*Asks:* 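I'd like to ask you about the structure that follows.
Treat the numbers as computed from the prediction; the structure is a model and nothing was measured.
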Amino acid sequence: MAVIVQKMVGSMYDDRFYPDFSGVARSYNFYPTAPMEAEDGVVSVGLGLGHMVMDGGDVLRFCPRYPKHLMQFATASDFLDYSQKEFFALNMNDHPIDHPSGGLELARFSLQTAELDGTLHRVGSVYSIQNDAVYDGLSRDGVRIVTFAPILKQSLFPLPTITDYLLRLGTTGMSGPVEIEFAVNLNVPRGTPKEFMVLQIRPLVLSQELEAIEVDDVPDNEIICQSSKILGLGSIEDIHDVVFINRQKYKRSTSSEVAQTVARMNSQLMSEERPYLLIGVGRWGSSDPWLGIPVTWDQICGARVIVETGFKDFRVTPSQGAHFFQNLTAALTGYFTVNPDKGDGTLDWEWLLKQKRVEEENAVCRLQLDQPIHVKMNGQKGKGIIIKPMEIDI
């Protein structure tokens, strides 16, 4: 048995010890959005110790090659909902001899504490409620939020360059995708280099299931939907319910009523613990009701897979789930974008409309299938298919 003793990275602030920020960099990203490619990688980073990152908390995600392209913040108000609101540090007032675990306590602290410590200035911005806008730096009055703007926009520290270099170096050295844990200490004496510490580097294990997924070996007549623009990964085989918008009956002037019907069905299916496939026309979550269905995430959060397709008579640029990005990645929800009228993917409307509906209201139809549909998402190729409920060799 080996024991590794590793120096903690960070600085003392009163009775707290923590790094300015820490995170995890991965050389493969299964939720890339244009202009990003999956091989460009992704970094999850947060103020303080990395416990917030490892626990899947509200931290910031960015691509090292496109550090200003933050998909989880589609609107200014998204910063209030999805940005980091607290951080972890070691409580140095703890006495190890009295602690049940024999070690120091990992404690939560507010952003106000980080501002007093001076660490929030290096990663923070201000949200103005009056203007519904985000301003870099902390010189204004307003809600303090963690945006990493001084790092990603103003190059206070070359985090994107360093992580991009290390990911490429690690991928070459390990002959495959890698995952790197790191911590950064900017609180150093004047004239002393700032500290970027690699804590671990290890192979990023892609499951055998993911590597084996093939989406090009299913006959077209067995497919409900196929897309070359997906977000997500893996295989799903337990979906019996489908909620879809009947585009033959849908009127854009009734999009608000349609959204409420979808929300009601979502609530019912969630209460019955039945994950479902959601298919809509236009953009899901559009702020413009004429361009899609104006739902919020809580109104469709029971969907295991979401499909977004263009109108029959009006082409809309697909959103690729930008407005739900944080929720999609946290829930590992599949997101398909198709626009058959432009030759981009397929959607078998004829099959959907032939199925027996257990409910229909405001052009919203619900199916409950005897056999499950099968969803296959190959994140490495950016392709996915949804297979009809039939016995096939998969």
*Asks:* Could you name each residue pair satisfying ring-ring contact (aromatic ring centres under 6.0 Å, His included) that touches residues 235-278, not counting sequence neighbours?
*Replies:* none
*Asks:* Sequence neighbours excluded, which residues qualify as side-chain contact (heavy atoms from CB on, under 4.5 Å) partners of Val143?
*Replies:* Leu80, Tyr127, Ile129, Ile145
*Asks:* Filter on ring-ring contact (aromatic ring centres under 6.0 Å, His included), then keep only pairs touching residues 148-169, sequence neighbours left out; what's left?
*Replies:* Phe21-Phe148
*Asks:* Just jot down the side-chain contact (heavy atoms from CB on, under 4.5 Å) partners of Ser253, sequence neighbours excluded, or say none.
*Replies:* Lys251, Trp290
*Asks:* Using the test salt bridge (Lys or Arg N to Asp or Glu O under 4.0 Å), find all partners of Lys354 that sit at least two apart in sequence or belong to another chain.
*Replies:* Glu350
*Asks:* I'd like to check the side-chain contact (heavy atoms from CB on, under 4.5 Å) partners of Glu360; sequence neighbours left out, ordered by chain and number.
*Replies:* Asn246, Lys249, Arg357, Cys365
*Asks:* For Ser139, enumerate each residue passing the side-chain contact (heavy atoms from CB on, under 4.5 Å) test, keeping only those at least two apart in sequence or located in another chain.
*Replies:* none
*Asks:* Begin from the C-alpha positions of Thr296 and Asp298 and carry the test side-chain hydrogen bond (donor to acceptor under 3.5 Å, both in side chains) through to its verdict.
*Replies:* CA-CA 6 Å; Thr296 56; Asp298 61 293; 2.6 Å; yes
*Asks:* Which residues, ordered by chain and number, are linked to Leu199 in its hydrophobic cluster, where ILVMFWY side chains connect at heavy-atom gaps below 4.5 Å, directly or through other members?
*Replies:* Val9, Met197
*Asks:* Please determine, by modelled atom types, if Glu86 and Ser110 share a side-chain donor-acceptor pair under 3.5 angstrom.
*Replies:* no
*Asks:* How would you list all residue pairs meeting salt bridge (Lys or Arg N to Asp or Glu O under 4.0 Å) that involve residues 173-182, not counting sequence neighbours?
*Replies:* Arg26-Glu179, Glu179-Arg202, Glu181-Arg202
*Asks:* Does atom CD (Glu272) have a neighbourhood of more than 12 heavy atoms from anything else shown, all under 6.0 Å?
*Replies:* yes
*Asks:* Scan for ring-ring contact (aromatic ring centres under 6.0 Å, His included) pairs involving residues 39-72, sequence neighbours excluded, and state none if there are none.
*Replies:* His51-Phe88
*Asks:* Going by salt bridge (Lys or Arg N to Asp or Glu O under 4.0 Å), name the residues that satisfy it together with Asp241, two or more places apart in sequence or in a different chain.
*Replies:* Arg274, Arg366
*Asks:* Just to verify, what does Glu115 make a salt bridge (Lys or Arg N to Asp or Glu O under 4.0 Å) with, not counting sequence neighbours?
*Replies:* Arg144
